[in-house]
Number of protein chains: 2
Amino acid sequence: MNHKPLLDYLNEYINLTVDEETILISKIILRNYLKDQYIVQQGDICKSVNFIISGCTKTFYMDLESQEHIVMFSIEDWWTSDLGSFITQTPADFNVQCIENTQLIQFTFDNLEELYTEIPKLERLFRKIVERAFVASQKRIIRNFSLTAKERYEIFKKAHPKIEQRVPQYMIASYLGITKEFLSKIKSQLIHNQ
Amino acid sequence: MNHKPLLDYLNEYINLTVDEETILISKIILRNYLKDQYIVQQGDICKSVNFIISGCTKTFYMDLESQEHIVMFSIEDWWTSDLGSFITQTPADFNVQCIENTQLIQFTFDNLEELYTEIPKLERLFRKIVERAFVASQKRIIRNFSLTAKERYEIFKKAHPKIEQRVPQYMIASYLGITKEFLSKIKSQLIHNQ
DNA sequence: AAATAATGTTAAACTAGATTAACATCTATT
DNA sequence: AATAGATGTTAATCTAGTTTAACATTATTT
């Protein structure tokens, strides 16, 4: 069982004893998904937070006109879930779908609550993870308001070069909140106008 | 000292013993600000998270063209801070300014860390508060992408009728990510076209 | 290697929302 | 009650980004 990437990740934030690692490992599930499979579907109650060992997912909202709006991409060593649905155990607003074959470690709601009690350090860790996610989300709102699509695209490229390589352009356009045609225009502007 | 609104709020989520309430009260600061005063300024390190007893604040980002972009309003029984700056103790991206005379309870960084250790329940509570804030922030990103300004305005009015009454229109426009002129147009459309 | 599906590009016509600028109303101060 | 400052409205012009539609390229399957 390939828990090492998770334990490495956790040990950057907190120090787990061998006993604590054993408890942790007893309460997690290793799971493989194929490309295009859904980890969460809009309307379902999201049953897990997931740490990605390998692969790539997109989290998106499908609107009434059947348009996909991507909120985030997740790759190795990061988390994916519909956190809103997970914490409130109510139907999900978002879909989480694999865009590559993906291996991940799942923390179910009940197991995680137990883990918080048995290893209080984990509660602190998860608080910090959510804090960071919140901060990133707030900064994104600001970027969407105060920058043009071209500026947002350049920031995205710099911040997530690996994702830019791995993911089709039309999904990046969706993440940026623009059409694929307009992203195409931006790219050709960036090439020609310098 | 007027701690009751805070204790009432906390007791909706967790049950504090009398001893715990005493510890808590020893580590918080009651503070009054006048209209227009800043609780946090962009560039400062944010020293507190603040529970509002009375009054109203706006949290905003000032861009390079000196344009204000409001991320949130906060009123009684809610929190205000630059959480990103607070948790990382790095310079704030946002300003938090009072738009009415405001009384609030401050938790400083060090006091809050101590409180987490002395009253572990508080760590859980703050995790939940941040989780909710994160979820709200994610939903806002989606709304901004998938809805028109008119739709966003109608949702805002329904969700925060009290704030809509208390706050000038041009600030609501900034919160919605549109100009005051366009909000004015939307309002007259809503009156005339039905 | 051909055929199909998935992804990406280009260009013309269109629209939501911005900008500018002039004017209107409301509130606070003297 | 008169003035100044803050807030709100209207209308004309402009622009970033959308829509539509036709075509190009790249993967994938047979």
Side-chain angles (χ1 to χ4, degrees), chain A residues 34-37 56 58 60 63-70 73 97-101 140-157 163-193, chain B residues 34-37 56 58 60 63-70 73 97-101 140-157 163-193:
Chain A
L34 294 173
K35 189 182 173 196
D36 294 338
Q37 283 193 302
C56 183
K58 63 177 175 181
F60 65 99
D63 73 17
L64 297 169
E65 280 89 39
S66 297
Q67 272 229 306
E68 244 184 70
H69 301 276
I70 296 178
F73 299 107
Q97 189 180 17
C98 299
I99 52 188
E100 300 174 4
N101 293 344
R140 183 141 176 240
I141 290 174
I142 282 300
R143 281 200 302 275
N144 291 348
F145 276 162
S146 59
L147 303 179
T148 63
K150 190 194 263 181
E151 292 166 328
R152 280 182 270 143
Y153 173 57
E154 292 189 293
I155 287 172
F156 173 77
K157 257 175 45 169
I163 295 176
E164 216 238 332
Q165 296 312 312
R166 273 162 90 160
V167 163
Q169 295 295 332
Y170 71 89
M171 289 189 194
I172 292 170
S174 168
Y175 176 85
L176 294 172
I178 59 178
T179 59
K180 62 186 173 31
E181 291 84 355
F182 192 53
L183 178 54
S184 194
K185 202 169 171 180
I186 287 170
K187 286 181 68 189
S188 85
Q189 277 174 19
L190 287 173
I191 291 165
H192 299 112
N193 297 14
Chain B
L34 295 174
K35 188 183 173 197
D36 295 337
Q37 282 191 304
C56 184
K58 62 175 175 182
F60 65 100
D63 73 17
L64 297 170
E65 281 87 42
S66 297
Q67 273 229 306
E68 242 183 71
H69 301 276
I70 295 177
F73 299 106
Q97 188 180 19
C98 299
I99 51 189
E100 299 174 3
N101 294 344
R140 183 139 176 242
I141 289 175
I142 283 300
R143 281 200 303 274
N144 291 347
F145 276 163
S146 59
L147 303 179
T148 62
K150 190 194 260 180
E151 290 166 330
R152 280 181 269 142
Y153 172 59
E154 291 188 294
I155 288 172
F156 173 78
K157 258 176 43 170
I163 294 176
E164 217 239 328
Q165 297 312 311
R166 273 161 90 159
V167 164
Q169 295 294 331
Y170 71 90
M171 289 189 195
I172 292 170
S174 168
Y175 176 85
L176 294 172
I178 59 177
T179 59
K180 61 187 173 29
E181 291 85 355
F182 191 55
L183 178 54
S184 193
K185 202 168 169 181
I186 287 170
K187 287 181 67 188
S188 85
Q189 276 173 21
L190 288 172
I191 292 165
H192 300 112
N193 296 15

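Every chain is numbered from 1, with letters handed out A, B, ... down the list of sequences.
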Within this structure, what is the NZ-CD distance for the pair B/K35 and B/Q97, rounded to the nearest 0.5 Å?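 Taking NZ in B/K35 and CD in B/Q97, the distance rounds to 9.5 Å.
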
Does the plane of the ring in B/F145 sit parallel, tilted or perpendicular to the ring in A/H69? Use 30° and 60° as the thresholds.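 If you compare the ring of B/F145 with that of A/H69, the planes turn out parallel.
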
Is the shortest side-chain heavy-atom distance between A/L190 and A/Y153 below 4.5 Å?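 Answer yes - side chains close enough.
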
Whole Å only: how far is the [atom1] atom of [X] from the [atom2] atom of [N]?
{"X": "B/E164", "N": "D/dT7", "atom1": "CD", "atom2": "P", "value": "16 Å"}
{"X": "B/K185", "N": "D/dT10", "atom1": "NZ", "atom2": "C1'", "value": "10 Å"}
{"X": "B/L190", "N": "D/dT9", "atom1": "CG", "atom2": "C1'", "value": "15 Å"}
{"X": "A/K180", "N": "D/dG17", "atom1": "NZ", "atom2": "C1'", "value": "14 Å"}
{"X": "B/L183", "N": "C/dG17", "atom1": "CG", "atom2": "P", "value": "12 Å"}
{"X": "B/L176", "N": "C/dA16", "atom1": "CG", "atom2": "P", "value": "17 Å"}
{"X": "B/F182", "N": "D/dA11", "atom1": "CZ", "atom2": "P", "value": "15 Å"}
{"X": "B/R166", "N": "D/dT7", "atom1": "CZ", "atom2": "P", "value": "16 Å"}

Counting side-chain heavy atoms from C-beta on, which of [options] comes nearest to [X]?
{"X": "B/E181", "options": "D/dT10, C/dT9, C/dG17", "answer": "D/dT10"}
{"X": "B/Q169", "options": "C/dT19, D/dT19, D/dG8", "answer": "D/dG8"}
{"X": "B/P168", "options": "D/dT10, D/dT18, D/dT7", "answer": "D/dT7"}
{"X": "B/K187", "options": "D/dG17, C/dT9, D/dT9", "answer": "D/dT9"}
{"X": "B/S188", "options": "D/dT10, C/dG8, C/dA18", "answer": "D/dT10"}
{"X": "A/T148", "options": "D/dG17, C/dG17, D/dT10", "answer": "D/dG17"}

Yes or no on side chain to side chain contact (heavy atoms under 4.5 Å, CB included) for B/R166 and B/F73, after CA distance, side-chain angles and deciding distance? CA-CA 10 Å; B/R166 273 161 90 159; B/F73 299 106; over 6 Å; no

Do the numbers put B/R140 on top of the ring of B/Y175, so that NZ or CZ is under 6.0 Å from the six-membered ring centre and no more than 45° off the axis?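 Relative to the ring axis of B/Y175, which defines the angle, B/R140 lies inside both limits.
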
Do side-chain atoms of B/S174 reach the backbone of B/E68 as a donor and acceptor pair under 3.5 angstrom?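 Here the side-chain-to-backbone pair exists.
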
Looking at C/dA16, I'd like to know if its phosphate oxygens (OP1 or OP2) sit under 4.0 Å from a side-chain N or O belonging to B/R152.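 Looking at the OP1 and OP2 atoms of C/dA16, neither is under 4.0 Å from any side-chain N or O of B/R152.
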
Within the structure, does a side-chain N or O atom of B/S184 lie under 4.0 Å from either OP1 or OP2 of D/dG8?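 So the side chain of B/S184 is outside the cut-off, no N or O lying under 4.0 Å from OP1 or OP2 of D/dG8.
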
Could you go step by step and tell me if B/I186 and B/I178 meet the side chain to side chain contact (heavy atoms under 4.5 Å, CB included) rule? CA-CA 11 Å; B/I186 287 170; B/I178 59 177; 3.9 Å; yes

Which part of the nucleic acid, if any, lies within reach of B/Y170 when heavy atoms closer than 4.0 Å are counted: base, sugar-phosphate only, or nothing?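 Sugar-phosphate, backbone atoms only, no base.
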
Protein within reach of the bases, or only the backbone? For nucleotides 24-30 of chain D, mark each nucleotide 5' to 3' as B, S or -, using heavy atoms under 4.0 Å. -------

